[in-house]
Amino acid sequence: MSNYVEAMKDFVESHSIATFAFVAAGAGLLAIRRWMAGRACLSKVRLDGKTVLITGANTGIGKETALDMAKRGARVILACRDMTRAHIAADMIRQQSGNGNVLVKKLDLACLQSVRELAKDIEKNEPRLDILINNAGIMMCPKWETEDGFEMQFGVNHLGHFLLTNCLLDLLKKSAPSRIVIVSSLAHEKGQIHFDDINLDKDYRREISYRQSKLANVLFGKELANRLQGSGVTVYSLHPGVIRTELGRHLFPTLAVWKKVIAMPLMMLIKTPWEGAQTTIYCAVEESLANDSGFYYSDCARKTPAPQAQDDAAAKRLWDLSASMVGLG
């Protein structure tokens, strides 16, 4: 053992610069990883007797959010497109939380009829809805269309949730104080609403589409909060962070080989799904936010969204356009 220690000492002394560089690099990576992880929600509030509906809760941050809500004692509804994976996720959540009150409901946000059917089911069978979390999303897909003919990213990320939220508003108001949490993205900062070509038929680029849909999320939250003033229903939009989830499944396979080589080690530095779920959970349960509405959050703190996300006229115009597209009066 002493020979080993002496050998290590000699090595460090003879390679002092290299050793220092190695230690410094390691410390730097740990610091970056800790910074990327962000803050955690520290609220210990219980949700016994409360009902929470989460879209896209069978994987990623949606599943972590559902697990947290279940651990707090809530009745948790997983609204998902893939029922097989949703049932597997529900079983896992029941086992890890000790809460058997976890349900699975069918929801395909790319089909407005599916959205309406889920809303009718919830209104008929659920006496209350305390927290609605619009979490599901699609990112960087090709130029696909929803069943109703809308561009896929705008249709799923915004229009499907817009219709679902509006269909459930009466139940949310009845259950007040209640909350609506909208998962957006930092990508909204480069977004623009293409009012004259909302489906991007003239010039579709997947990143432009994604940014538009995420800006729409923030504008929707802003206008919704204005319309719900005095109702007891509060609204929050958020950026969850850069996370290791399946959301990038349409992007990664299309990258050049050299980009994949660079991206793979960097993936170890970004947030885990648990870390990525923390701001969603914060907006859903944090007691100090009870009287706040219409604000934007990141890393469990209020942040200022991009200037175009603060445009009242654009928010109202988007609302009117969305209502027309989904058939709301």
Side-chain angles (χ1 to χ4, degrees), residues 41 43 45-138 156-157 160-183 233 235-236 240 245-247 273-274 276-278 280-285:
C41 177
S43 172
V45 70
R46 296 288 302 176
L47 296 175
D48 303 283
K50 306 289 188 180
T51 299
V52 182
L53 189 152
I54 309 170
T55 67
N58 65 328
T59 189
I61 64 174
K63 185 167 72 172
E64 291 292 343
T65 302
L67 176 59
D68 183 276
M69 299 293 108
K71 287 181 176 179
R72 295 174 188 270
R75 174 178 174 83
V76 182
I77 301 172
L78 282 58
C80 306
R81 181 177 57 86
D82 188 328
M83 295 298 282
T84 300
R85 296 183 67 187
H87 282 294
I88 293 172
D91 286 340
M92 181 277 289
I93 292 168
R94 293 186 196 105
Q95 292 173 7
Q96 293 191 16
S97 68
N99 182 349
N101 204 2
V102 179
L103 290 75
V104 171
K105 298 283 186 180
K106 175 71 174 180
L107 172 64
D108 183 355
L109 288 162
C111 173
L112 297 183
Q113 183 58 34
S114 174
V115 174
R116 293 189 180 96
E117 289 174 356
L118 172 67
K120 289 179 181 177
D121 182 344
I122 298 299
E123 287 186 319
K124 178 181 178 180
N125 297 300
E126 299 296 330
R128 63 183 305 116
L129 179 59
D130 301 273
I131 304 172
L132 170 63
I133 301 178
N134 292 333
N135 164 82
I138 187 170
V156 169
N157 297 348
H161 284 125
F162 176 87
L163 178 59
L164 177 65
T165 303
N166 275 279
C167 288
L168 294 174
L169 278 182
D170 286 344
L171 186 56
L172 285 158
K173 291 176 182 177
K174 176 185 172 183
S175 309
S178 54
R179 301 190 185 193
I180 299 168
V181 180
I182 303 169
V183 179
V233 184
V235 185
Y236 314 84
T245 71
E246 297 178 10
L247 191 60
W274 181 86
Q278 295 305 300
T280 301
I281 296 166
Y282 176 81
C283 290
V285 304

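As a basis for the values below, the full set of heavy atoms in this structure was taken, side chains included, without hydrogen atoms, waters or symmetry mates.
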- Query: What pair of heavy atoms forms the shortest contact from I281 to C41, and how long is it?
  - Reply: CG2-SG, 4.0 Å

- Nearest-0.5 Å distance that lies between atom CZ in R75 and atom CG in L47: 14.0 Å

- Item | Side-chain (N157) to main-chain (I138) donor-acceptor, under 3.5 angstrom | yes

- Smallest heavy-atom separation, A136 atom then H161 atom, equals O-CE1, 3.1 Å

- Item | Main-chain N/O of R85 paired to N58 side chain as donor or acceptor, under 3.5 Å | no

- Quick one: ring pair (Phe, Tyr, Trp, His ring centres under 6.0 Å) partners of Y282, sequence neighbours excluded? none

- Query: Who passes side chain to side chain donor-acceptor pair (under 3.5 Å) against D82, sequence neighbours left out?
  - Reply: none

- Item | Selection residues 52-71 - residue pairs positive for salt bridge (Lys or Arg N to Asp or Glu O under 4.0 Å), sequence neighbours left out | D68-R72

- Message: Testing the basics here: between A90 and V102, what is the closest heavy-atom pair and its distance to 0.1 Å?
- Response: CB-CG1, 4.0 Å

- Value rounded to 0.5 Å, distance of CG in N101 from CD1 in I77: 9.0 Å

- Task: Drop me the distance from L172's CG to L129's CG, to the nearest 0.5 angstrom.
- Result: 4.5 Å

- Task: Could you tell me whether a side-chain N or O of R179 sits under 3.5 Å from a main-chain N or O of C283, the two making a donor and an acceptor?
- Result: yes

- Which residue, I54, I131, T65, forms the side chain to side chain contact (heavy atoms under 4.5 Å, CB included) with V76? I54

- L169/I180 under side-chain contact (heavy atoms from CB on, under 4.5 Å): CA gap, chis, key distance, verdict: CA-CA 10 Å; L169 278 182; I180 299 168; 4.0 Å; yes

- Nearest heavy-atom neighbours spanning N135 and G56: ND2-O, 3.1 Å

Enumerate donor-acceptor pairs with a distance under 3.5 Å from any side-chain N or O in residues 103-115 to protein atoms, sequence neighbours excluded.
residue: K105; atom: NZ; partner: D121; partner atom: OD1; Å: 3.2
residue: K105; atom: NZ; partner: D121; partner atom: OD2; Å: 3.2
residue: K106; atom: NZ; partner: R81; partner atom: O; Å: 2.6
residue: D108; atom: OD1; partner: A110; partner atom: N; Å: 3.0
residue: Q113; atom: NE2; partner: E117; partner atom: OE2; Å: 3.2
residue: S114; atom: OG; partner: D108; partner atom: N; Å: 2.8

- Item | Closest contact, heavy atoms only, A74 versus V52 | CB-CG2, 3.8 Å

- Qualifying residues under side chain to side chain donor-acceptor pair (under 3.5 Å), relative to R46, sequence neighbours excluded: D48

- Looking only at heavy atoms, which two atoms of A57 and C80 are closest? And how far apart? N-SG, 3.6 Å

- Message: What I want to check is whether the side chains of N134 and T165 have a donor and an acceptor closer together than 3.5 Å.
- Response: yes

- Query: To the nearest 0.5 Å, what is the distance between CZ (R116) and CG (L164)?
  - Reply: 11.5 Å

- Message: Within this structure, what is the NZ-OG distance for the pair K50 and S178, rounded to the nearest 0.5 Å?
- Response: 9.0 Å

- Query: When rounded to the nearest 0.5 angstrom, what is the spacing between CD1 in I61 and OG1 in T280?
  - Reply: 4.5 Å

- Evaluate side-chain contact (heavy atoms from CB on, under 4.5 Å) for M69 paired with V285, printing each intermediate quantity in order. CA-CA 9 Å; M69 299 293 108; V285 304; 3.9 Å; yes

- salt bridge (Lys or Arg N to Asp or Glu O under 4.0 Å): pairs with one or both residues in residues 162-175, sequence neighbours excluded: none

